[in-house]
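Worksheet for the structure shown next.
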Amino acid sequence: MPSLTLMASIFLASLAWTQPAAASCECGYLVSRGSNLAPQLFTNSIVTDFTDGRTVDIGTYWQRSNYGIDGHPNNNPPQLAQWYYPEDVYKTSEGLADGLAIRVKAYDGSGTVSGGGVAQGFFFYKDNTNEIDIEILSGDPNSIGGPDSLHFTNQPGITDAPAAGFDPAADFHDYRIDWIPGKSEMWVDGTFRSSHTTGVPTVPGEIIINCWSNGDPTWSQGPPTSDALLRVRNTALYFNHTNEAENDAFDSQCAHATGADKICNI
Ligand SMILES: *[C@@H]1O[C@H](CO)[C@@H](O)[C@H](O)[C@H]1NC(C)=O
């Protein structure tokens with residue numbers, strides 16, 4: 001996905017990644033990765049439950065976006081202008097269940113409307129060569145697949161687009177990205193689905209969740225003529241810092257830990 005299309009997103013600023021380990025887990029989180037894959041240790045976690053009954057607050061670490069992207073009507077294919085506001089990211093109990101909604105509002109302007117779609121993404125992002133995506137397109141099937149395809153990508157352009165095997169709009173599913181040394185791996189509902197060893201990010205970045213449409217008939221399609229919602233129930237992030245002071249604090253905290261639960265198994 002080109003960076004131009006990071007819309008209707010909520011993002012986790014790397015500056016906000018300062019949550020200390022909880023009282024237990026002082027020596028980090030050992031994340032299991034399937035029976036024959038080595039667990040990976042991470043020093044920090046941010047776990048967010050969007051079904052916790054808070055009506056507005058989306059938690060300490062996620063932030064709502066507030067920005068716009070100009071249209072490019074003379075491009076081929078043409079792209080519609082988009083403005084994405086904080087009010088498009090909100091807590092709700094409408095639809096499937098309580099949780100977070102990320103909305104693309106119904107389009108009432110003029111211009112191309114194709115396939116009714118939005119693109120929905122869960123991704124790691126720093127720049128156009130440091131990005132790992134899981135994306136779902138809700139519009140009509142075309143050459144890049146329809147609503148039942150999952151798109152697993154290392155940018156630029158390392159893509160795998162298998163059939164999901166389910167209707168992503170019908171229920172919640174567990175979408176997981178492992179970014180580990182030398183590879184990205186994508187898992188859905190605990191099942192390994194895809195792996196890329198080229199184009200693996202090498203710099204720190206942000207985790208973003210978004211839902212957007214610019215009318216591009218070759219990707220998002222749309223825009224939709226009724227409101228389209230991406231629903232999120234919870235997120236769990238396990239990560240290491242690049243900040244020396246944070247890592248020194250972790251080492252010292254772990255050196256003093258004695259409990260049986262000083263390493264938490266995830
Ligand atoms: C994260 O940091 C810890 C502590 O320095 C280290 O042992 C671990 O290997 C790192 N994890 C990854 C995936 O690099």
Side-chain angles (χ1 to χ4, degrees), residues 1 11-49 59-63 121-135 150-156 158-160 173-209 234-266:
M1 179 168 60
F11 63 95
L12 181 68
S14 51
L15 280 177
W17 289 12
T18 53
Q19 176 178 272
S24 57
C25 318
E26 294 98 329
C27 293
Y29 305 84
L30 195 59
V31 179
S32 296
R33 303 178 50 256
S35 58
N36 56 353
L37 298 170
Q40 296 279 328
L41 183 71
F42 295 94
T43 57
N44 284 67
S45 79
I46 294 175
V47 176
T48 306
D49 177 7
T60 309
Y61 296 101
W62 291 100
Q63 299 176 18
F122 163 54
F123 57 108
F124 168 89
Y125 179 77
K126 176 59 182 177
D127 55 36
N128 285 348
T129 58
N130 291 281
E131 176 177 341
I132 308 169
D133 311 91
I134 297 179
E135 289 163 290
L150 303 174
H151 295 260
F152 301 122
T153 305
N154 277 10
Q155 296 290 5
I158 309 296
T159 298
D160 187 18
H173 292 271
D174 178 35
Y175 300 96
R176 168 175 159 186
I177 292 171
D178 285 4
W179 172 33
I180 56 177
K183 71 169 78 165
S184 65
E185 293 183 348
M186 292 76 166
W187 301 67
V188 178
D189 295 331
T191 301
F192 173 75
R193 295 296 305 265
S194 185
S195 175
H196 298 305
T197 54
T198 49
V200 182
T202 56
V203 294
E206 299 172 346
I207 301 296
I208 304 177
I209 304 171
N234 47 60
T235 55
L237 312 177
Y238 299 93
F239 58 94
N240 278 3
H241 272 288
T242 47
N243 180 307
E244 286 292 329
E246 293 282 354
N247 289 330
D248 290 348
F250 172 82
D251 289 344
S252 155
Q253 162 189 285
C254 179
H256 292 98
T258 53
D261 57 356
K262 65 182 184 180
I263 294 182
C264 292
N265 289 297
I266 303 297

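Sequence positions, counted from 1, serve as the residue numbers for this chain. Whatever order the structure lists them in is the order used to number ligands and atoms, beginning at 1. The shown structure was predicted, so the numbers you read here are calculated from the model rather than taken from an experiment.
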Residue-ligand contact I180/ligand 1, heavy atom below 4.0 Å: no
| said: Any nitrogen or oxygen of N240 lying under 3.5 Å from a nitrogen or oxygen in ligand 1? Just yes or no. | reply: yes
| message | Using a 3.5 Å cut-off on N or O atoms only, is P181 in polar contact with ligand 1? | response | no
Counting from 1 in the order shown, the ligand 1 atoms closer than 4.0 Å to a non-hydrogen atom of F42 are 13 (C)
To the nearest 0.5 Å, atom OH of Y238 lies from atom OH of Y29 at 7.5 Å
Rounded to the nearest 0.5 angstrom, the CH2-CZ distance for W187 and F152 is 12.0 Å
R193/E185 salt bridge by N-O under 4.0 Å criterion: no
Check ion pair D178-R176 (N to O, under 4.0 angstrom)
yes
the protein heavy atom lying closest to atom 13 (C) of ligand 1 turns out to be Q40 OE1, 3.1 Å
closest protein heavy atom to atom 8 (C) of ligand 1 is L41 O, 3.6 Å
min-distance protein heavy atom vs atom 5 (O) of ligand 1 -> T43 CG2, 4.7 Å
Report task. Decide yes or no on side chain to side chain donor-acceptor pair (under 3.5 Å) for H241 and N247, but give the supporting numbers first. Result -> CA-CA 7 Å; H241 272 288; N247 289 330; 5.9 Å; no
Next on the checklist: Can a donor-acceptor pair be found, under 3.5 Å and without considering hydrogens, that links the side chain of W179 to the backbone of I132?
Outcome noted: no
* Any protein heavy atom under 4.0 Å from atom 2 (O) of ligand 1? -> yes
